[in-house]
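Take a look at the structure below.
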Amino acid sequence: MSVQENLNRIHQVVKDACKKENRDYNCVNIIAVTKYVSIERAKDALASGIQHIGENRVEEALKKWEVLGEKGTWHFIGSLQSKKVKKMIHQFDYIHSLDRLSLAKEIDKRTPEGETMKCFVQVNVSGEETKSGIKPEETISFIHDLSKYKAIEVVGLMTMAPIVENAEEVRPYFRQLRELKEKIEKLKLSHAPCHELSMGMSNDFAIAVEEGATFIRIGTALVGKEE
Ligand SMILES: *Cc1c(COP(=O)(O)O)cnc(C)c1O
């Protein structure tokens with residue numbers, strides 16, 4: 001399947017989900033997760049009108065960025081080692097995996113003077129031990145603690161739902177993330193506007209959009225998976 005055909009299908013699913021919940025379709029951004037595919041395929045994604053590219057490994061991402069960097073908006077979606085921040089901070093526009101103060105400190109240190117880095121705080125809503133992320137009940141206090149790192153801008157919350165048979169089972173996790181985001185928005189913190197929700201992948205993005213996702217991260221269903 002071409003990326004364009006896949007994208008058309010995904011657009012339709014997003015439209016239907018927005019209609020069902022009375023949401024503005026333009027508020028949902030599609031991130032093409034290109035971690036499984038070649039530079040060529042990532043190029044196809046940009047050519048099909050996709051603006052956002054997501055990668056989860058610094059070295060692999062930088063190879064793609066060298067070729068395609070100027071053309072897109074780059075999202076780092078994987079767990080990030082502090083020592084790699086300095087390598088990627090100039091290439092990426094968003095980090096979706098802020099999950100500890102030591103990482104925030106390093107991002108703060110490496111962000112050019114006078115600029116900010118747009119970050120999502122990753123929350124482990126399902127409580128699975130294999131998943132990274134802040135516990136929901138500790139998220140607000142974590143966000144308060146981030147205020148001392150002047151370069152960190154908390155644009156929203158991110159989560160990864162558990163892998164389930166029936167996508168409907170993940171709805172409570174997405175809903176919980178939205179409710180937490182709304183609580184944080186109400187605090188009106190200058191360093192944490194927190195208007196965005198990064199949630200939903202190939203198998204559950206329709207539910208995520210119904211629950212308020214503003215960034216969906218789609219790999220397999222959009223660009224496929226190459227060996
Ligand atoms: C790989 C990955 C995705 C995309 O996964 P698909 O199921 O292929 O859509 C989304 N988010 C994160 C954090 C990922 O690591």
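On a predicted model such as this, the values are computed, not experimentally measured, just so you know. Each ligand, and each atom within it, is numbered from 1 in the order the structure gives. Basis for what follows: all heavy atoms, side chains included, without hydrogens, waters or symmetry-related copies.
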Please list every donor-acceptor pair under 3.5 Å in which a side-chain atom of residues 96-103 meets a protein atom from a residue at least two apart or in another chain.
{"from": "H96", "atom 1": "ND1", "to": "S198", "atom 2": "OG", "distance (Å)": "2.9"}
{"from": "H96", "atom 1": "NE2", "to": "H75", "atom 2": "ND1", "distance (Å)": "2.8"}
{"from": "S97", "atom 1": "OG", "to": "G78", "atom 2": "O", "distance (Å)": "2.6"}
{"from": "R100", "atom 1": "NH1", "to": "L80", "atom 2": "O", "distance (Å)": "3.4"}
{"from": "R100", "atom 1": "NH2", "to": "L80", "atom 2": "O", "distance (Å)": "2.7"}
{"from": "R100", "atom 1": "NH2", "to": "S82", "atom 2": "OG", "distance (Å)": "3.4"}

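- A 6.0 Å sphere centred on CD of E165 holds no more than 12 heavy atoms belonging to other residues, nucleotides or ligands.
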Give every pair made of an N or O atom of ligand 1 and a protein N or O atom lying under 3.5 Å apart, one pair per line with both atom names and the distance to 0.1 Å, or write 'none'.
{"from": "ligand 1", "atom 1": "8 (O)", "to": "T220", "atom 2": "N", "distance (Å)": "2.8"}
{"from": "ligand 1", "atom 1": "8 (O)", "to": "T220", "atom 2": "OG1", "distance (Å)": "2.5"}
{"from": "ligand 1", "atom 1": "9 (O)", "to": "S202", "atom 2": "N", "distance (Å)": "3.0"}
{"from": "ligand 1", "atom 1": "9 (O)", "to": "S202", "atom 2": "OG", "distance (Å)": "2.5"}
{"from": "ligand 1", "atom 1": "9 (O)", "to": "G219", "atom 2": "N", "distance (Å)": "2.8"}
{"from": "ligand 1", "atom 1": "11 (N)", "to": "R217", "atom 2": "NE", "distance (Å)": "2.8"}
{"from": "ligand 1", "atom 1": "15 (O)", "to": "K35", "atom 2": "NZ", "distance (Å)": "2.7"}

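- A donor atom on one side chain and an acceptor atom on the other are not found under 3.5 Å apart for E128 and T130.
- Legend: residues meeting side-chain hydrogen bond (donor to acceptor under 3.5 Å, both in side chains) with Q4, ordered by chain and number and at least two apart, are N8.
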Going by atom type alone, with no hydrogens or angles, which donor-acceptor pairs under 3.5 Å involve a side-chain atom of residues 146-153 and a protein atom two or more places apart or on another chain?
{"from": "S147", "atom 1": "OG", "to": "H144", "atom 2": "O", "distance (Å)": "3.0"}
{"from": "K150", "atom 1": "NZ", "to": "S147", "atom 2": "O", "distance (Å)": "3.1"}
{"from": "E153", "atom 1": "OE1", "to": "T116", "atom 2": "OG1", "distance (Å)": "3.3"}

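- A side-chain donor-acceptor contact under 3.5 Å links Q12 and D16.
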